[in-house]
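The structure appears right after this line, and notes come after that.
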Amino acid sequence: MSLETYATMAQEYVLKLFQRATPLRIDYAAALNPQQLAAVQAPAGPMLVIAGAGSGKTRTLTYRVAWLIEHGVPPDRILLMTFTNKAAREMLRRVEHLLGGEAGRVWGGTFHHVGNRILRRHARLLGYGNDYTILDREDAGDLINACLADARIDTTKERFPKGDVLAEVFSLVVNTERPLGEVLGQQYPYFSHLAGQIAEVQRTYAQRKLKTNAMDYDDLLVNWLRLMREHTDVRDLYQRRFQHVLVDEYQDTNRLQADLVDTLAAQHRNVMVVGDDSQSIFSWRGANFRNIITFPQRYAGARIFKIETNYRSVPQILAVANEAIRANVHQFPKELRAVRKSGPKPWLLSCMDDDQQAQFVAQRILELRDEGCRLNDIAVLYRSHFHCLEVQMELARRNIPFIVTSGLRFFEQAHIKDVAAFLRFAINPGDELAFKRVARLLPGIGGKTADKLWAAVAAGQTLAALTAGVPAKARPAWQQLTATMDELREETVRNRPSEMIRRVVECLYDDYLKAHYTNYTSRLEDLNQLQSFAQRFATTEAFLSELSLMTNLEVEDETAPAMEDEEYLRLSTVHQAKGQEWTAVFVISLAEGLFPSAKSLAQPDGEEEERRLFYVAVTRAKDELYLSFPLVRRSSTGQETLQKPSRFIGEIPPGLLEVLKLNMDYGHY
């Protein structure tokens with residue numbers, strides 16, 4: 001009789017964990033407000049915590065973990081999933097501060113980190129080796145391009161999506177759990193007629209990943225869920241292990257992530273999800289607003305807690321925030337309440353055009369600085385990057401230092417990924433992409449030559465045996481590559497990622513940097529920093545896993561310069577500003593078609609998501625908030641058109657805003 005058959009016949013016997021009676025170390029009532037306390041001390045079972053902006057969401061989650069541990073739940077039976085490494089580290093650090101070292105045994109991290117941790121143990125059940133390589137988005141695009149080449153699709157005859165575009169399409173298919181044809185039809189209609197060929201490339205891509213023992217970022221979730229669904233013993237193991245599942249920022253989960261949570265909690269139903277439906281703003285990358293809205297229907301009897309006390313903003317800003325979101329139909333109604341003393345009303349001003357708007361922003365920022373507000377405590381927020389071009393120009397004219405939240409993160413830079421490729425190929429000789437990236441760094445070796453060399457390596461030839469077959473100009477470097485790889489694979493070096501990086505740079509890559517980059521010194525400093533970062537890892541596989549995960553999209557700012565002692569103004573899209581706060585905030589270009597964006601309004605539920613985006617922008621401000629819009633905007637042809645103020649401004653009662661009228665001082669002539 002099979003184990004599954006026995007399971008259907010089993011009678012339940014409740015095993016109660018023994019715990020010596022010990023007094024609680026934490027005074028929860030003193031540390032939490034009544035709404036937080038109710039959520040933290042709630043009995044086991046499904047719980048939805050609606051945590052308003054600035055209400056102490058992280059504090060609530062932290063104390064819930066501590067409460068569970070103090071009441072007998074073993075730390076390694078608690079799973080805490082977040083969306084950024086930074087958030088996971090911060091919460092576990094806080095629990096450790098409350099309880100000591102016990103928190104170190106809690107399973108905590110992003111969905112992808114937890115998936116990777118589980119798959120490292122069970123990947124063989126799915127046909128992978130447990131030492132699989134993780135492909136970041138650029139790697140995935142490269143491998144898809146290789147699949148396009150294999151399929152012999154002539155992209156010169158007809159426009160065909162490149163590898164990076166297809167990587168995005170395939171990712172949306174996975175994260176929204178929608179058919180490929182539907183994704184193409186709704187978001188890439190200009191490629192719909194190519195659906196058959198794209199589907200074939202998708203199948204080839206999946207086969208190549210399996211053959212080369214590689215998973216892309218989405219596979220960490222897809223294969224984790226597949227593992228749970230296809231292998232009942234594994235599913236039972238983790239359903240038993242995780243007695244309590246806690247999820248942060250639940251409003252940002254996609255369908256795949258919600259399915260994982262539901263699967264893990266299917267037996268015990270001890271799941272606590274925390275989020276703010278009013279801050280669900282990432283549908284464009286697969287987040288499913290319905291996950292949080294339908295939670296009470298999926299979990300019958302779920303308790304709903306609301307945390308509405310705001311510790312961030314003055315009452316006048318919260319009054320605007322409450323009105324800003326009121327028109328949304330699909331929401332859990334809430335009313336943010338301030339604990340801070342009264343402050344100024346938010347300011348509303350109409351500007352003649354984008355230039356005048358920029359002049360106001362720059363002048364008022366300098367005034368705020370004179371009033372004692374540091375530039376670091378001021379932000380300019382906008383719906384789309386192009387809205388801030390005039391502001392950037394005006395700031396530069398007035399020598400106001402600023403940074404724009406955009407661009408490559410540290411781990412996404414080419415020289416970092418080049419060095420990582422050496423390590424990846426040393427650890428996994430079947431890593432086709434790593435080999436080709438390394439080979440193309442050598443003089444005289446392009447894409448076609450790299451393909452031929454890889455075919456020989458895949459057939460079993462050694463690097464040394466291929467020396468005669470490489471272009472003459474590449475042979476000295478190829479010999480050096482061969483010697484370097486031999487060194488990297490030595491037992492005394494193989495699991496010392498910091499030492500491996502040092503040898504790659506000294507033996508090969510330093511000369512490449514000098515020959516190809518004008519900023520050689522700064523790039524070498526980056527690699528020295530990478531070498532230092534690698535010292536914290538016990539194995540090279542762990543280091544490479546972390547590196548790959550950190551190059552993928554997370555709502556986390558790793559790029560801000562280390563300027564703690566310097567001042568700089570922050571310019572940011574509202575999406576990238578989520579989770580942050582500033583003393584003074586300028587929300588610009590609040591005009592119809594800009595904010596809300598015309599493109600988003602054309603989508604189902606688009607207006608409500610745009611309104612949530614406006615709500616997020618408003619709630620970033622602590623003391624002062626400025627809302628502005630240009631009356632006239634120039635088109636790409638230079639034509640001026642009149643603009644209407646955003647509908648979101650019209651939804652705020654006039655008495656909540658202080659209207660500013662701009663007068664120009666042209667000086668004396």
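Annotation: side chain to side chain donor-acceptor pair (under 3.5 Å) contacts of Arg64 (sequence neighbours excluded): none.
A distance of 8.0 Å separates CG in Leu80 from OG1 in Thr62, rounded to the nearest 0.5 Å. Taken from CG in Asp354 to OG in Ser628, the straight-line distance is 9.5 Å, to the nearest 0.5 Å. Atom CG in Leu32 sits 6.5 Å away from atom OG1 in Thr60 (nearest 0.5 Å). Separation of atoms CG (Leu590) and CZ (Phe614) is listed at 5.5 Å; rounding is to 0.5 Å. Rounded to the nearest 0.5 angstrom, Ser646 OG and Arg383 CZ are separated by 11.5 Å. To the nearest 0.5 angstrom, Asn175 atom CG is 4.5 Å from Asn254 atom CG.
When atom types are taken as modelled, the side chain of Lys334 and the backbone of Ala51 share no donor-acceptor pair closer than 3.5 angstrom. Without hydrogens or angle criteria, Glu323 side chain to Pro653 main chain gives no donor-acceptor distance under 3.5 Å. Between the side chain of Asn288 and the backbone N or O of Thr176 there is no donor-acceptor pair closer than 3.5 Å. Here the side chain of Gln243 pairs no donor or acceptor atom with the backbone of Val73 at under 3.5 angstrom. Between the side chain of Arg326 and the main chain of Glu651, no donor-acceptor pair closer than 3.5 Å is present. Looking at Glu567, its side chain does come within 3.5 Å of a backbone N or O of Leu375 through a donor-acceptor pair. Judged purely by atom type and a 3.5 angstrom limit, Arg94 has no side-chain atom pairing as donor or acceptor with the backbone of Leu61. Of the possible polar contacts, none joining the Arg303 side chain to the Ala39 backbone as a donor-acceptor pair under 3.5 Å is found. Without hydrogens or angle criteria, Lys306 side chain to Pro333 main chain gives a donor-acceptor distance under 3.5 Å. Of the possible donor and acceptor atoms, one in the side chain of Arg59 sits under 3.5 Å from a partner among the backbone N and O of Ala31.
Contacts classified as salt bridge (charged side-chain N to carboxylate O under 4.0 Å, His left out) and involving residues 308-317 (residues at least two apart or in different chains) are given here: Glu308-Arg337, Arg312-Glu581.
With a 4.5 Å cut-off on side-chain heavy atoms, Leu48 and Phe332 count as touching. Asn33 places a side-chain heavy atom less than 4.5 Å from the side chain of Tyr311. In this structure the side chain of Val261 never reaches within 4.5 angstrom of the side chain of Thr253, judged on heavy atoms. Inter-residue side-chain proximity for His330 and Phe289 is flagged as met; some heavy-atom pair is nearer than 4.5 Å. Residues Trp224 and Leu264 meet the side-chain proximity criterion, which asks for heavy atoms closer than 4.5 Å. Within the 4.5 Å cutoff, the side chain of Arg398 has heavy atoms near those of the Gln359 side chain. Within the 4.5 Å cutoff, side-chain heavy atoms of Lys578 are placed close to those of Gln279. Inter-residue side-chain proximity for Leu569 and Ile365 is flagged as met; some heavy-atom pair is nearer than 4.5 Å.
Side-chain contact, Thr573 with Gln576: a donor N or O sits under 3.5 Å from an acceptor N or O. For the residue pair Thr294 and Arg290, no side-chain donor N or O sits within less than 3.5 Å of a side-chain acceptor on the partner. Side chains of Tyr615 and Gln331: no donor on one and acceptor on the other come within 3.5 Å.
Closest approach of Ser280 to Gln251, counting heavy atoms only: OG-O, 3.2 Å. Taking both residues in full, the closest heavy atoms of Leu656 and Val320 are given as O-CG2, 3.9 Å, listed atom of the first, atom of the second, then distance. Contact detail for Lys345 and Leu657: the closest heavy-atom pair is CD-C, 4.3 Å.
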Between Lys57 and Asp276, is a salt bridge (Lys or Arg N to Asp or Glu O under 4.0 Å) present by the stated rule, with each step listed?
CA-CA 9 Å; Lys57 167 180 62 68; Asp276 183 1; over 6 Å; no
Show, in sequence, the C-alpha distance, side-chain angles and deciding distance for Glu371 and Arg364, and conclude whether the salt bridge (Lys or Arg N to Asp or Glu O under 4.0 Å) test is met.
CA-CA 10 Å; Glu371 293 166 12; Arg364 184 63 190 134; 3.1 Å; yes
Salt bridge (Lys or Arg N to Asp or Glu O under 4.0 Å), that's the test. Do Arg647 and Glu610 meet it? Break it down for me. CA-CA 11 Å; Arg647 65 190 68 185; Glu610 288 291 294; over 6 Å; no
Exercise. Could you walk me through whether Phe586 and Tyr382 pass ring pair (Phe, Tyr, Trp, His ring centres under 6.0 Å), step by step?
Key: CA-CA 8 Å; Phe586 296 78; Tyr382 36 84; over 10 Å; no
ask   = Which is it for Lys622 and Asp377 under the salt bridge (Lys or Arg N to Asp or Glu O under 4.0 Å) test, yes or no, and what are the steps along the way?
value = CA-CA 10 Å; Lys622 295 194 288 186; Asp377 297 323; 5.7 Å; no
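By the 6.0 Å contact criterion, CZ on Arg369 is open, its count of non-hydrogen atoms from other residues, nucleotides or ligands being 12 or less.
Relative orientation of the Tyr217 and His112 rings is parallel, given thresholds of 30° and 60° on the angle between their planes. Using a 30° and 60° split on the angle between ring planes, Tyr626 and Trp347 fall in the parallel class, below 30°.
Residues Glu90 and Lys86 are not paired through a salt bridge, judged by the lack of any N-O separation under 4.0 Å between the basic side chain and the carboxylate.
Results of the side-chain contact (heavy atoms from CB on, under 4.5 Å) test with Val587 over Val380, Val618, Leu625 single out Leu625 as the only residue that passes.
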